[in-house]
Protein chains: 2
Amino acid sequence: MQTMTDLIHAPTPAEDPGIQATDRLARAGLRPTRQRVALAKLLFDGRDRHVTAEQLHGQASTADMRVSLATVYNTLHQFTEAGLLREVVVEAGRSYFDTNVSDHHHFFVEGSGHLLDIPGHALEVSGLPEAPAGTRVARVDVIIRLSAGG
Amino acid sequence: MQTMTDLIHAPTPAEDPGIQATDRLARAGLRPTRQRVALAKLLFDGRDRHVTAEQLHGQASTADMRVSLATVYNTLHQFTEAGLLREVVVEAGRSYFDTNVSDHHHFFVEGSGHLLDIPGHALEVSGLPEAPAGTRVARVDVIIRLSAGG
DNA sequence: ATAGTTGCAAAAGTTTTGCATTGTA
DNA sequence: TACAATGCAAAACTTTTGCAACTAT
């Protein structure tokens, strides 16, 4: 899958996906176990990705990695808690995980189930009401739902 | 649950929850079956409500109505398609249904799972990017996620 | 070595179908 | 009487735990 990138510049120690993944995990305070490193390699290939647990599990299987779906779920949540991923909820009964953890919002194409990033600065939310007493704003999510057809 | 309302003004034909519910269903092109009328009475009691399927099923059971959870799900989706409800997705693996179908956004209190309406006009989203080719904007959802703690 | 951590099987939820039954015209 | 539409049991999902096994120090 990351063949393109691999061909464009040969991996140097700093860019080698293996080392990069291991490093990234270490910095996030997560033990670089085999499954985690493998999944991190798939996830952090340089592109921004939006994956469901099932998709990632499928990709792992295709790449001849033996990981159970449960582990994929657990790993995705651990990565999310560690700040390596961002969970995006747009559809009932399905979670997406976004490798782009910077402040930004999303297009969601209903039907196809595709999720697209919108750069954070392009879109602004004004007139935010005060948070109810005893709470504080953790995050503001904007989801622009799209349907097929001009 | 709607005891207060019942006591404050005795139901006139126009306000009687039974007639109101039946009417509402008829107008939406849905057959006023026993289960639908019963659920509509619970849902459209005058207040804005945010319920999960499970909550509504529990409320129905408490009120001695015999409805299966599957029927509650199906009914909620039928109501949503008919425009009587709005589905709000904020948490993985749980759908909320909102009796307020006007244009508005939501506070979501993480932890407690409470959902609160934000009037539509108070909040504005500017700088909306163009919809990708071949798609059109179906809806813009803004969710302000709150956590406990001032 | 070993103690905390992980990974997965099994369980727990949530949601969706298939079809006998119902209710309406 | 017919026949489209309903309501629910059962099935199909997605997601979460509990604990044996592992592995990084």
Side-chain angles (χ1 to χ4, degrees), chain A residues 18-19 21-43 50-61 65-82 84-85 87-97 110-111 113 115, chain B residues 21-22 25-26 28-43 50-61 64-82 84-85 87-97 110-111 113 115:
Chain A
I19 290 175
T22 305
D23 225 46
R24 199 186 281 258
L25 293 179
R27 275 180 223 163
L30 294 169
R31 275 201 203 173
T33 64
R34 187 152 35 71
Q35 279 85 342
R36 282 181 178 174
V37 173
L39 293 176
K41 277 189 202 174
L42 292 179
L43 285 169
H50 301 94
V51 292
T52 63
E54 181 119 16
Q55 281 165 8
L56 185 59
H57 182 244
Q59 203 184 344
S61 298
M65 298 169 179
R66 225 166 303 150
V67 201
S68 77
L69 185 55
T71 294
V72 172
Y73 270 103
N74 289 340
T75 303
L76 285 172
H77 283 134
Q78 287 155 0
F79 283 12
T80 301
E81 266 172 51
L84 299 177
L85 292 175
E87 188 171 0
V88 184
V89 181
V90 284
E91 257 184 329
R94 177 163 296 151
S95 285
Y96 287 79
F97 293 86
E110 291 176 337
L115 207 54
Chain B
T22 306
L25 294 179
L30 293 169
R31 274 203 204 170
T33 65
R34 189 151 35 70
Q35 278 84 342
R36 282 180 178 172
V37 172
L39 294 176
K41 277 188 201 176
L42 292 178
L43 285 168
H50 301 95
V51 293
T52 63
E54 181 117 20
Q55 281 165 8
L56 185 59
H57 182 244
Q59 203 185 343
S61 298
D64 278 328
M65 297 170 181
R66 227 166 301 151
V67 200
S68 77
L69 184 55
T71 295
V72 172
Y73 270 103
N74 289 341
T75 302
L76 286 171
H77 284 133
Q78 286 156 1
F79 283 12
T80 300
E81 267 171 52
L84 299 178
L85 293 174
E87 189 171 358
V88 185
V89 181
V90 285
E91 256 185 328
R94 177 162 297 152
S95 285
Y96 287 80
F97 293 86
E110 291 174 337
L115 204 56

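Throughout, protein chains are lettered first and strands after them, A, B, ... in sequence-line order, and every chain is numbered starting at 1.
Put simply, CG on B/N74 is 16 Å from P on C/dT14, counting in whole angstrom units. For the pair A/R94 CZ and C/dG13 C1', the interatomic distance rounds to 16 Å; values are reported in whole Å. When the C1' atom of D/dA5 is taken as reference, atom NE2 of B/H77 falls 19 Å away, rounded to whole Å. Atom CD in B/E54 sits roughly 14 Å away from atom P in C/dT16 (whole-Å rounding). Atom-to-atom, CD of A/E91 to C1' of D/dC13 comes out at 13 Å; the value is rounded to the nearest Å. Computed from coordinates, the A/L30 CG to D/dA24 P distance equals 13 Å when rounded to whole Å. With rounding to whole Å, B/Y73 atom OH is found 20 Å from D/dT6 atom P. Following rounding to the nearest Å, A/R31 (CZ) and D/dT23 (P) show an atom-to-atom distance of 10 Å.
Here the side chains of A/E87 and A/H77 are in contact, with some heavy-atom distance below 4.5 Å. B/Y73 has its side chain out of reach of B/H57: every pair of non-hydrogen atoms, C-beta onward, lies at least 4.5 Å apart. Within the 4.5 Å cutoff, side-chain heavy atoms of A/L76 are placed close to those of A/L43. Between A/L25 and A/L84, some side-chain heavy-atom pair lies under the 4.5 Å cut-off.
Note on A/Q35: a side-chain N or O is less than 4.0 Å away from OP1 or OP2 of C/dC8. Distances shorter than 4.0 Å separate some side-chain N or O of B/R34 from OP1 or OP2 on C/dG23. Contact annotation: A/T52 side-chain N/O to D/dT14 OP1/OP2 distance is not under 4.0 Å. Phosphate contact (OP1/OP2 of D/dG7, side-chain N/O of B/T71, threshold under 4.0 Å): absent.
Taking CZ of B/R34 as the reference point, atom CZ of B/R66 lies at 8.5 Å (rounded to 0.5 Å).
Within the 4.0 angstrom heavy-atom criterion, only backbone atoms of the sugar-phosphate kind lie near B/T33; the bases stay farther away.
Where B/G93 and B/R66 meet DNA chain D, the nucleotide closest to each residue was compared, and B/R66 sits on the side nearer the 5' end.
For A/L69, whose side chain is taken as the heavy atoms from C-beta onward, the closest listed nucleotide among D/dT15, D/dC8, D/dT23 is D/dT15. With distances taken from any side-chain atom of A/A70 to the nucleotides D/dT6, D/dC8, C/dA9, the minimum falls on C/dA9.
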